[in-house]
Amino acid sequence: MDIQQQLTKTISNAFQELFDHTLDPKTFSLQATRKEFSGDYTFVLFPFLKITKSAPEASGAKIGAYLQEKLPEVASFNVVKGFLNISLSAAYWTEVFLQLIEAEDPGSFPAKGRKVMVEFSSPNTNKPLHLGHLRNNFLGFSVANILEAYGYEVIKANLVNDRGIHICKSMVAYEKLGENASPESAGLKGDHLVGKYYVLFDQEYKNQIKKLIAEGMTEELAKKEAPWMKAAQEMLVKWEAGDPHTVDLWKKLNNWVYQGFDETYRSLGVTFDQYYYESDTYLLGKDIVNEGLEKGVFFKKENGSVWADLSSAGLDEKLVLRADGTSVYMTQDMGTADLKYKDHGIEKSVYVVGNEQDYHFEVLFSIMRLLGRPYGEGLYHLSYGMVDLPSGKMKSREGTVVDADDLIQEMVDTARDHTQELGKIEGFTQEEAEALYQMLGLGALKYFLLKVDPKKRMLFNPQESIEFQGNTGPFIQYTHARIAAILRKASQIELDFSAKSCAPYTDLQDTERVLIFHLTDYRNKVGMAAEELSPAVIAQYLFDLAKDYNRFYAELPIFSETKAEVQAFRVALSAQVAKTIRSGMKLLGIDVPEKM
RNA sequence: GGUCCUGUAGCUCAACCGGAUAGAGCAACUGCCUUCUAAGCAGUAGGUUUCAGGUUCGAGUCCUGACAGGAUCACCA
């Protein structure tokens, strides 16, 4: 039983003995005492004044005295207005700390024996990744790490959207203008090359529309009748029919794109356990349409189209099969949901997809639940907000996107400039220096995108957004590097900082107590992040921890202390902070350096 | 127009699901490198939490209604 549980239980006992009232410990909780007051945990008295039948001060004093008497860990208490602030003894905190440093990984939970799939990234194969995809990739990867630490067996899945009208557009433009160019001949990454033809398609398409309108056609009609659009649609039909030439072209372009994506994923440090391709899954789900009709979840209209009636779930009707018997997006997603379950027996499934698809997933999940799927209750849409630029929304076709590869390069370059300016690369080999720039640049980028609550839209200003000071990845990385230097020195002078050598230290300072309090909170934060599917919880935590550590670092000396146990304790405390930073940053997908 | 999301310092974000005097970072200003890394630390200044009501011991947080921004409402994906 941890101290919070002991405190709530004892408070409950206090109500029984002092006020003859039964108070369930589960019905109230303690909060951390705000730092401007003295104490560790605070019990809010206001809701209970009717029970105690006395003023807040008197009630608090009685309960406080009771706690102090019953629990040796309670050193003192004070009552300010309606708040009972409880201070725990230094002995308690040192004891907690000593237990903590002997534990293995500070943030891991016992295995639950349950599986969860996290689907993220899921790119279209007609263009390179951009800033929006980065938020998606970092979120998905981090959430997968967090769920794993929380005890789930996690399968990271990438559902690649490799077929459809979008890739046909690139194919048409390539065939007309490509002159057999290849990534090698064009000197472009594969995904960038294919993306180039996607943009070219759109330019030519717009010209064709303009021309048709000038010839007297309505805009609506012109959009359908433009020659290239018709060509793209024909190509899609041919692809579905398995026309060899079309399929070859499709394979060629997609393979180039995959090579490009692989390179980008590698520099992002993102990996997957399972790839799904829409070219394999786009026909799935039709059997579920029949099942739904039988179960009365779907109904057929006169023209033969099939709909889901979701009025019971507060939604309207939704098409699941066209009149001509072809499937829509929803059909395929129903089939894929079943496929995921069939492949992995997952109980929980997280879809990392932008909030523009909120309605789609609400409908999909409702359908799967109405169909009585065993995994229905475990479906979760991690809906994240768009990343805006100062100029507004990003649009691929209008060239207002921030390209992922360019951005990463820029970040690494900035890290290089900044580091060299500070003159901090003494003793680094060329390779080590480059690895450091990579680590810092990516750390800054990942942290920037992860520190914000996922569901909120966020603003990215390429000139200003990425900093290396304050609430940033490099700040936390720097804190780790500082501690690493202390540990190097400790090992150099062969300092023993095992639990045993720290134990005699009793004169705990405020900044030290705050740090221990923080360190013990890490597990809770991992749990919270897992339940909310929010890496931002971890990011915020790490920043606070690093900040508290830097204060400690500035205020208290280590190696100039004369007493061995003080040195040992402070080095051990530093080591534990470093361990926690490393663990937390790993959950975010960020590496930390030994020197910077 | 219907539905959903968001609105907190000049800017970017927090606030442990209703608790104390709403906190950080950036930008501005003032101090601190003869000590374990100054990518740091300490401090000053900056707020009618978009607005108006309501619920209660207590509201940035819950409810209602405005206002502003965004998303979505295809036999598109």
Side-chain angles (χ1 to χ4, degrees), chain A residues 29 31-37 42 44-47 49-50 56 80-83 85 124 161 163-166 278 282 301 303-307 314-316 318-330 332-333 354-360 362 383 385-386 388 393 415 418-419 421-422 424 440 444 448 451-453 455-461 464-465 467-472 474-479 481-490 521 524-525 528 532 536-537 539-541 543-544 546-547 549-560 570-571 574 595-596:
Chain A
S29 62
Q31 50 187 5
T33 303
R34 295 183 69 105
K35 61 170 175 259
E36 57 267 38
F37 298 94
T42 295
V44 183
L45 297 159
F46 294 112
L49 297 179
K50 279 178 195 142
V80 181
K81 293 201 260 177
F83 300 89
N85 301 319
N124 289 354
N161 191 1
R163 52 133 252 138
I165 192 71
H166 51 86
E278 294 209 359
Y282 81 107
K301 287 196 176 172
N303 66 1
S305 58
V306 180
W307 297 71
L315 305 168
D316 51 11
K318 192 80 190 174
L319 180 88
V320 291
L321 198 71
R322 292 193 190 102
D324 64 6
T326 56
S327 55
V328 290
Y329 189 39
M330 190 63 72
Q332 151 187 345
D333 266 9
N355 62 10
E356 61 212 343
Q357 295 194 37
D358 282 356
Y359 185 68
H360 173 77
E362 209 179 330
S383 160
M386 297 292 103
D388 290 322
K393 215 188 148 171
H418 201 64
T419 305
E421 209 172 286
L422 291 172
K424 293 220 174 182
L440 296 179
F448 183 85
K451 74 175 176 188
V452 180
D453 182 349
K455 62 175 183 285
K456 292 194 177 171
R457 46 189 306 193
M458 63 185 298
L459 183 79
F460 184 89
N461 185 333
E464 296 166 17
S465 281
E467 316 241 331
F468 291 80
Q469 274 135 15
N471 189 358
T472 65
F475 169 78
I476 297 166
Q477 290 171 316
Y478 174 69
T479 307
R482 276 183 140 183
I483 298 175
I486 287 176
L487 297 178
R488 276 194 299 274
K489 177 150 184 181
D521 204 27
N524 299 336
K525 294 293 181 184
M528 198 185 295
E532 293 175 16
V537 171
Q540 196 65 41
Y541 169 83
F543 175 63
D544 289 339
K547 216 173 146 40
Y549 181 80
N550 281 311
R551 176 197 266 264
F552 159 86
Y553 184 95
E555 278 182 9
L556 300 173
I558 297 178
F559 297 109
S560 56
R570 288 184 183 157
V571 171
S574 302
K595 280 194 226 169
M596 69 182 270

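Not measured: the values here are computed from a predicted model. First the proteins, then the strands, lettered A, B, ... as listed; each starts at 1.
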Nucleotide of B:C36, B:U37, B:A20 approaching A:Phe559 most closely (side-chain heavy atoms): B:C36
Pair partner, B:G43 [Watson-Crick or wobble, under 3.5 Å]: B:C29
A:Phe559 six-ring face occupied by A:Lys489 cation (under 6.0 Å, within 45°): yes
Separation of atom CD in A:Glu467 from atom C1' in B:C13, rounded to whole Å: 13 Å
Phosphate OP1/OP2 of B:G7: any A:Lys456 side-chain N/O under 4.0 Å: yes
A:Val44 side-chain proximity, nearest of B:A77, B:G19, B:G40: B:G19
Integer-rounded Å distance: B:A42 P and A:Tyr549 OH: 14 Å
Protein-nucleotide distance (A:Arg457, atom CZ; B:C4, atom C1'), rounded to Å: 14 Å
Side chain A:Thr472 and base B:A39 donor-acceptor under 3.5 Å: no
Options B:C73, B:U21, B:C41, nucleotide nearest the side-chain atoms of A:Asp316: B:C73
N or O in side chain of A:Lys547 less than 4.0 angstrom from B:G25 OP1/OP2: yes
5'-most by nearest nucleotide on RNA chain B - A:Thr33 or A:Gly164: A:Thr33
Length of the line joining A:Leu459:CG and B:U6:C1', which is rounded to integer Å: 14 Å
Audit row: A:Asp521, A:Asn524, side chain to side chain donor-acceptor pair (under 3.5 Å) steps and yes/no: CA-CA 5 Å; A:Asp521 204 27; A:Asn524 299 336; 2.8 Å; yes
Pi stacking test for A:Phe543 and B:G25: under 5.5 Å apart, planes under 30°: no
Length of the CG-C1' vector between A:Asp388 and B:C11, whole Å: 15 Å
Nearest-angstrom distance from the residue atom NZ of A:Lys35 to P of B:C16: 14 Å
A:Met458 CE to B:C11 C1', straight-line distance once rounded to whole Å: 14 Å
N/O (side chain, A:Tyr478) to phosphate O (OP1/OP2, B:A39) under 4.0 Å: yes
Short side-chain N/O contact from A:Arg34 to OP1 or OP2 of B:C16, under 4.0 Å: no
Under 4.0 angstrom between A:Lys81 side-chain N/O and B:C57 OP1 or OP2: no
N or O in side chain of A:Lys424 less than 4.0 angstrom from B:A39 OP1/OP2: yes
Polar side-chain contact A:Asn550-B:A38 base: donor and acceptor under 3.5 Å: no
Pair of N/O donor and acceptor under 3.5 Å linking B:A39 base with A:Thr419 side chain: yes
Residue met sooner reading RNA chain B from 5', once A:Ser560 and A:Asp453 are mapped to nucleotides: A:Asp453
Aromatic contact, A:Phe552 with A:Tyr549 (centres under 6.0 Å): yes
Partner nucleotide of B:A71 by Watson-Crick or wobble geometry (both distances under 3.5 Å): B:U3
side-chain N/O A:Arg482 vs B:C36 OP1/OP2, d < 4.0 Å: no
Presence of A:Arg322 side-chain N/O under 4.0 Å of B:A77 phosphate oxygens OP1/OP2: yes
Donor-acceptor pair under 3.5 Å, A:Lys595 side chain vs B:U37 base: no
